[in-house]
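First up is the structure itself, then whatever we jot down about it.
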Amino acid sequence: MTSLSWEELRLRDVVARTGTPALLVSERRLRANIRGLRGGLPPSTILRYCTKTNPELGILRIVREEGLDVLASHEAEVRLALAAGFAPEQIAFQRPVLDERELDAVLAAGVRRVHAFRAADLDLLSGTDARVSLRIALARSGMPILSGASKRLGFAPAAVRRRDGITIDALNTYIGTQQESAEAYRPAIRELVRLGKMMQIEELNLGGGIPSNSLRKLTPSRLLTRRRAD
């Protein structure tokens, strides 16, 4: 009788232990992906794994072991990151609308890096010891509908300024995954650098995800370039 296996793991044993359906994630591939990404970026780059992508404790432990930080979008994700061994200073917190109760809990857990999308967020953060990263609303290339929606969240570049009672030491924006090349990042980087110099910023965050080839229409002319990109 044929027995299916995957990376030396017999699937029959997995089913017996967990039942079905079951989701398997390759630790070998995950570690290789992280190392490949880190190898193509300057050593000073901070990489944050977006916890909502896959909030499994085992995944978070692997991400931590490979030297990444995390971006949490819920108090429960902060708790998971701490349980996985991340130090509070390795965790950044981001929600489109900050909730006062949840924000208090996140700060009480030791997290200090918090993203602010709206003026009301700054009101909640005023007087705290949070280190704030302002979301900057920039024009996006790619999908016009998403571009219009993204402008509703964040501060216009002309509105960026210091504010009493708040430590603003970072800027962030969202480029998105619907990009077929790195060109879309260039204007965003230029604008963030300009604002960062003006504000004496320590961290610039491009946000979003790494573009995926699965989002591109596969045509004969792109077969070779897609393989090269992989």
Does [Y] offer a backbone N or O that forms a donor-acceptor pair with the side chain of [X] under 3.5 Å?
X    : Y    : result
N172 : L134 : yes
D121 : R118 : yes
R131 : D169 : no
Q94  : S73  : no

Which atom of [X] lies closest to which atom of [Y], heavy atoms considered:
X    : Y    : result
L171 : L195 : CD1-CB, 3.5 Å
T128 : L124 : CG2-O, 3.9 Å
G110 : P88  : O-CB, 3.2 Å

| ILVMFWY network linking L9 to L4, side-chain heavy atoms under 4.5 angstrom |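 They do share one cluster, since a chain of ILVMFWY contacts under 4.5 Å joins L9 to L4.
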**Prompt:** Pick from I59, V70, L60: which one makes a side-chain contact (heavy atoms from CB on, under 4.5 Å) with L80?
**Reply:**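 With L80 as partner, side-chain contact (heavy atoms from CB on, under 4.5 Å) holds for just one option, L60.
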*Can you list the steps and then say if R35 with E66 is a salt bridge (charged side-chain N to carboxylate O under 4.0 Å, His left out)?*
CA-CA 7 Å; R35 293 169 186 176; E66 291 298 328; 2.8 Å; yes
Exercise for the section: State whether the number of non-hydrogen atoms from other residues, nucleotides or ligands found under 6.0 Å of R161 atom CZ is greater than 12. Expected result: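 Check fails, neighbour count at 12 or below.
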Do E203 and S133 have side-chain atoms, one donor and one acceptor, less than 3.5 Å apart?
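On atom types as modelled, these side chains do not qualify, holding no pair under 3.5 Å.
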